[in-house]
There are 2 protein chains.
Amino acid sequence: MTKYVYSFSQGNADGNKDMRELLGGKGANLAEMARNNLPVPAGFTITTEVCTYFYDHGKTYPESLKADVEAAMKGIEAAMGKKFGDTENLPLLVSCRSGARESMPGMMDTVLNIGLNDKTVQVLAEKSGSERYAWDCYRRFVQMYGDVVLEMKPANKTEIDPFEKILEAKKEACGVELDSDLSADALKELVAEFKAAVKEATGKDFPEEPMEQVWGAIGAVFGSWMNDRAIVYRRTYDIPHSWGTAVNVQAMVFGNMGEDCATGVALTRDGATGVKGITGDYLINAQGEDVVAGIRRPKKIEESLATDMPEVWDQFQEVALNLEKAYRDVQDIEFTIERKKLYMLQTRNAKRTGFAHVRTAVEMCEEGLIDKATAVKRVPANDVTQLLQPIFAGAGLKGMTPIAKGVNAGPGAATGQICFQPDEAEAWWQKDNSAKLILVRRETTPEDLRGMQVAQGILTSFGGAASHAALVSRQMGKACVCGCDGIVIDYAAKTMTVGDQVFNEGDWISVDGFTGNVYAGQVPTSPSEVLQVLRDGTLKAEEAPLYQLYAKLMGYADEFKKLKIRTNADKPEQAATAIALGAEGIGLTRTEHMFFDHIDEFRTMILADNTADREKALETLLPFQQADFEGLFTAMDGKYVTVRLLDPPLHEFLPHDLAGQQELAAKTGMTVEFIQQRVHDLAESNPMLGHRGCRLGIVYPEITKMQATAIIRAAIACAKKGITVKPEIMVPLVTCLNEFANQEAIIRAACDAELAAAGIEIAYMVGTMIEIPRAALNAGDIAQKAEFFSFGTNDLTQTCLGISRDDYAGFINEYLEKEIFPKDPFQVLDQTGPGKLMKIAVTEGRETRANLELGICGEHGGEPSSVKFCHKIGLDYVSCSPLRVPVAKLAAAQAALED
Amino acid sequence: MTKYVYSFSQGNADGNKDMRELLGGKGANLAEMARNNLPVPAGFTITTEVCTYFYDHGKTYPESLKADVEAAMKGIEAAMGKKFGDTENLPLLVSCRSGARESMPGMMDTVLNIGLNDKTVQVLAEKSGSERYAWDCYRRFVQMYGDVVLEMKPANKTEIDPFEKILEAKKEACGVELDSDLSADALKELVAEFKAAVKEATGKDFPEEPMEQVWGAIGAVFGSWMNDRAIVYRRTYDIPHSWGTAVNVQAMVFGNMGEDCATGVALTRDGATGVKGITGDYLINAQGEDVVAGIRRPKKIEESLATDMPEVWDQFQEVALNLEKAYRDVQDIEFTIERKKLYMLQTRNAKRTGFAHVRTAVEMCEEGLIDKATAVKRVPANDVTQLLQPIFAGAGLKGMTPIAKGVNAGPGAATGQICFQPDEAEAWWQKDNSAKLILVRRETTPEDLRGMQVAQGILTSFGGAASHAALVSRQMGKACVCGCDGIVIDYAAKTMTVGDQVFNEGDWISVDGFTGNVYAGQVPTSPSEVLQVLRDGTLKAEEAPLYQLYAKLMGYADEFKKLKIRTNADKPEQAATAIALGAEGIGLTRTEHMFFDHIDEFRTMILADNTADREKALETLLPFQQADFEGLFTAMDGKYVTVRLLDPPLHEFLPHDLAGQQELAAKTGMTVEFIQQRVHDLAESNPMLGHRGCRLGIVYPEITKMQATAIIRAAIACAKKGITVKPEIMVPLVTCLNEFANQEAIIRAACDAELAAAGIEIAYMVGTMIEIPRAALNAGDIAQKAEFFSFGTNDLTQTCLGISRDDYAGFINEYLEKEIFPKDPFQVLDQTGPGKLMKIAVTEGRETRANLELGICGEHGGEPSSVKFCHKIGLDYVSCSPLRVPVAKLAAAQAALED
């Protein structure tokens, strides 16, 4: 029979750390800690398979689950020496928490203090010696159970929680300000009032039976896997909905039984910067959620735990560092101190920023904790872009004085307009995708996720480095300053006050997530340390610690990667940036971008209605093109430069408005009517599938001839200056060998004539884009003449899926929400769509021509999972935009290591 | 060493009739006739391989060719007992003709009378006893050689041939009207003047050396393979340019040595109607080209040869009928009678109209000459459509009197506006594709091909059933009346005069190719005999001889075909036509066509900006849809009906002009601004790849639900009336299993609920279009849930090739001219493009689901070569438009026979 329930207690565990898929991250780690005799409260984990079953079977459980859970509860009782529902001795209380394979902090539901009822609360009061404590637990439990299990929490965020309403009224009636000032009697009244509210809302009495409470909580946690914010979170972080969550039921230990109790969270290294050393937050006399919620300002573990509870601090340090060694990774630990006894509630590999990822990987490698391969594998390839983002530094900061300073929780420099409400931020951004916003909140909660996503940075007045705002913004790679107590936020007035300065919604501020500084207005940014060192030469390597970490990691990556990394660059300065970042060639130069710089001449060419006029116009364009290519060849001295011939349909270059047409008429001496007629003649219903790519060069061979001539003349001019040129001429949108052969003949004739005239030999290659399904399906044929293939996965995705990227807005969100598509295929290569075509083309192309050069120049070339796919199918290189080069490099190394 | 030259003479031949690929049709048949001891003038054939070599090697020949040709010339001399260039005895003269694998009548060049020069002409005069005859031969030879080999024929048709100009001047000077009235002396002067013209134009003397003349002619014939009209012809008839032509050099025999000489062409059965019996044209004292050119009105063989030359007639009948028996097909024979001796110059399977094809196939089968399989294989599948075309008959002819009557050379009924110049006809048609034209000419020549192509019908005043106009129009399946001597054509005045009636360019006339009648004005047409019998019931089978032939042929086809034939039909009357023609089901019903009938309600649905409003609008549409489906189910009682859910993007249904928007606003009570905003919101850059197909049903599930409900309610209503319904519900534009599963769930839920409520069981299938490359590549996946696939090859071609059919006008002609694409992929399925995807989908789909139903519903489903491909890859059915059903049926039978 399938084992659905895995028990653990200090010194014993059914599971272990390798069982993440079945037990979730939390469950596997709890088992591992228990197995290693760490002080873990006893408990059990219901597997993720039950979650899958639950959703496959109309929210019911496997038959055997009931008996298993009951047996496991007995196990907890035995381990903790308490009885569940005990009305004589201190009763066992349990928590019920979610635990997915990948941590999804705050996304799903939790219920604490399960097992309390009108009778057990009395025993708890008696045995704990604190009536107020017991009734506070009960009050919290009823509220949480009511909200979560009985679904009384309003779905609409603008409505107030019914329990909060009663609580506020009670505080007012009692004349107190804080929850903790309510007396035991007031709390008793509150419980009664809460239960009455439950009865009114649900028509049923609040469940007094402890096991009924357990089952209610289990159901609610499984149910929360499919709540809106969990779904959004998973989509953001690419977690499949099919994984499901485990449920962990665990004995409660109490950080809120008095001043010798505490609860907290800690990281073994800083999650924002990666700097070594325990950091974390704790609260005396509190339950765990108080720390994360950011309502009370927590104390910093590294600053005061040694003073508050010296023996616990020593024990905690030892346990924490041992955990880091055992897991060979930064640990994120939840703990509770119950009457000076330390309990570890959870450990997991810590979430961290890209900065912290790079630093911890490099430093742990240097410490000998991990090897270079592990260091390379561990850093999410996309995260290195954080080290390339602009910063506030140098001249830009001159004369700027911070208006406030908070915790530097999420590194990065962000400038934006103040927005106080997450949903308003989202709406603002949807109306204007270029809006730059800073979300300013007292604290953030999981409901704020969408709003945080659209903001450049986050600023909070409460909460520390472990607060929700800090954790989430780090994960999103967003600049975040939190716990900034110098600012006062008034949601109703939509103001943020700092001293006597009042900022309104829409005002510009800047937050520096490296330093925690907040500035009024827009602070100018400087390039990142990495770019200052590598590209600009404005900073010395030895003065740039972040650059040094980056360089080390890239050095590791270079040792492993097999793919070459090229860049897509149309201008010499783009090429230069890419080379500075390690690009090994140009994989795509789009010649049409150059034409926009000489648009009048180009338009004259398009408007020509006979070959002679067209050739004359092309002649004027030739020297411009040649000069452009010379710039690129010079920048790429010794490296391959792939030049794609004209690709877009000609009508894209013509003015479609009357003013533009009149201007063009004046310049060219043509009539406006003639221009309008040509615009009309050239218009297309589906330009993506229209007269473009090599179809232009076939109908107008003179265009191909001019471009080939310009390329080879540029190569000749450069070669004469001693520059090593390696041109690759690329024919776009080919569907069959005939098209390629037609264009190749024109190209070779033009090039060979120029080379012969110049008396120079330059090896050049002629190849093609593979961006149309038919070309991929007939790659063996095309490789008879093509010397290289470059996969244009943007167009290949469009044609293979029959989806225009310009038009998919109407359904792509729905498709992702409903998981019709696992990912946006224009961001992440669809390996079973265009990917299949690529595999066919690679196999058939190489069969015809063993030394066929293979690359990718679609935007997927800079996306890690796509880069890995390219490695797997045997491409020679990937080409991506200049700033994605480091990402591609790291992903390429990871791909080689995954082999 | 490769054998490039194949000799033949009566009783001896290197080749035979099975060597068409190497020797061309003419060469193979000459060899076969010689081998069978038929009276063939001796000669030799230079193979098509030499043509290929010629074009691959800069118009040069294989080294060994020279010696081989010289040897073969000796062979001719021996066989004919004459010497080439003989200055003492009657010299041997030879002809040089093209001969491709498929006959291309009149498309390539021919040179006759090779071997004449200033000396041999004297001997010819002396030995033939006719000085005039000898100089006439020489005059013709110099003119033809000058035009063809020395390229003096003006490329521009409006210019007059330089030789014609001299000839006209000579006739005027001599005061004669006809060429044949010129005296020997005048002809001598003409030759001298012709030669002077040659010298002036080419700078060289006219070649006197006979072998030099032979090589010149060979080069000109090979060269003519690539002339403009030959290229156009091959494109029209799907003959690959790579085949090349053979060249036949053959001893001249003379039909123009006097009144006991003749030349002619004959068919063993009528090429227009297929009626049994020799028909043909001959001219006494003439050379072959005089017959085809249609300049002199020829005599009819069947009417007068028996009188003119009784013995020759007897011999000819015997030879002709033996040839038909030997080839088991209608023979098209060229012959010459030289002093009462019959020479067979050529025999080949006769070109014929679709009518003649059907009749000869059926009658030869009934005569026992061929079997049913051969009869089926022999009729080009497309040709049966000729039997479905409207005719002039019955009520339409009432009160109409023919203005003239000619030879009924090309069956069919054509009405159109008079046009006299082929190039003007072409220009007219290019400006207006819906123009209906009748090309009216004295006679036609190969240069007129393009103009003939765009005309509905052809009317000539000269030439008989074997004239160029007759042959070509038959092959094109166009109505043609020729040799109509009642009409007088004045090109300059652009008039056609019949008695005292004058018709101008642009006037309407009607020509009946069945009867040879010509009518003024537009004669109303009646449906074809076939449709009158099968569909309309307005004609009895026994009164419809054409129907009877058709029915027999279709009967044969039914015995062999394995594919089922379905039809694409959106309306009951279309379905009824298709059933009458033998359709076995509906393969595609486009529901959007129905929506156009209820456009206001449909637009209200589109304009709804919330689900409730949309559902309300859909509710009003449901009964309309249901009624439409009931009509189809009723028409198709017992047969499968595949209904495709809504496919086109919604914006296609909205008015894009202000007037339409205002009208809609008035009808719906919405503001014009709101409608404009929606039109703007829904607009797409590439609608082909936009928000359409199942993407609509996924975003608006209520549309799918309504359509499924309407289909199943219609099925229930019909079933209750005792009609057998077999609905297949088809989801369009699927790219992956998830999309299909999403829609399938909605469809099944809706259908099952309706069926349960009605308490009825109806088996229905849910399947999908395969029209996107990704779907084909993942067909195995999709077949997990889809019960059938229908290949939508229109869209599959668009996406697989990245070509929009709406936008390919800008390059497709260039692509066909340059042979980049062998065929238009939207007319003929591209078997190595979308065809490859189909094969993958068939294999993978059937692997997942062995009984997966497979069909095609793209327009290729009615195109013979595509139908054959569908058979080959194992589809269950093809679906095509109603009138293509017989074509598909015949092609399906042919495919089965080709297995």
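Proteins get letters first, then strands, A, B, ... in listed order; numbering begins at 1 in each. Bear in mind that the values here come from a model prediction, so they are computed numbers and not experimental data.
- Here the straight-line distance linking atom CG of A/Asp795 with atom SG of A/Cys800 works out to 12.0 Å at 0.5 Å rounding.
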Derivation of the salt bridge (charged side-chain N to carboxylate O under 4.0 Å, His left out) call for B/Glu592 and B/Arg644 = CA-CA 9 Å; B/Glu592 55 270 21; B/Arg644 180 178 71 183; 2.6 Å; yes

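- For chain B, the nearby part of A/Cys736 is the side chain; its heavy atoms alone come within less than 4.5 Å.
- Contacts of A/Glu819 with chain B are made by backbone atoms alone, with heavy-atom separations under 4.5 Å and no side-chain atom involved.
- Side-chain atoms of A/Glu684 and A/His691 include no donor-acceptor pair closer than 3.5 Å.
- Taking A/Leu777, A/Asp806, A/Asn742, A/Ile812 one by one and counting their heavy-atom pairs under 4.5 Å with chain B, the maximum is reached by A/Leu777.
- Comparing B/Glu814, B/Arg692, B/Glu771, B/Glu817 by heavy-atom pairs within less than 4.5 Å of chain A, the highest count is held by B/Glu814.
- In this structure, the separation between CE on B/Met688 and CD1 on B/Ile803 is 12.0 Å, given to the nearest 0.5 Å.
- Remark: A/Glu739 CD to A/Cys694 SG distance equals 4.0 Å, nearest 0.5 Å.
- A distance-only check finds no donor-acceptor pair linking the side chain of B/Arg695 to the backbone of A/Gly810 [under 3.5 Å].
- In this structure, chain B has heavy atoms under 4.5 Å from both the backbone and the side chain of A/Phe811.
- Ranked by non-hydrogen atom pairs under 4.5 Å with chain B, the options A/Ala775, A/Ala809, A/Gly690, A/Pro687 are led by A/Pro687.
- Neither the backbone nor the side chain of A/Asp781 comes within contact range of chain B; no heavy atoms are under 4.5 Å apart.
- With respect to chain B, the highest number of heavy-atom pairs below 4.5 Å among A/Asn738, A/Ile820, A/Thr799, A/Thr735 belongs to A/Ile820.
- In this structure, A/Tyr808 has its ring center at least 6.0 angstrom away from the ring center of A/Tyr815.
- Put simply, of B/Asp681, B/Asp830, B/Leu682, B/Ile840, the one with the most heavy-atom pairs under 4.5 Å next to chain A is B/Asp830.
- For chain B, the nearby parts of A/Asn778 are the backbone and the side chain; heavy atoms of each come within less than 4.5 Å.
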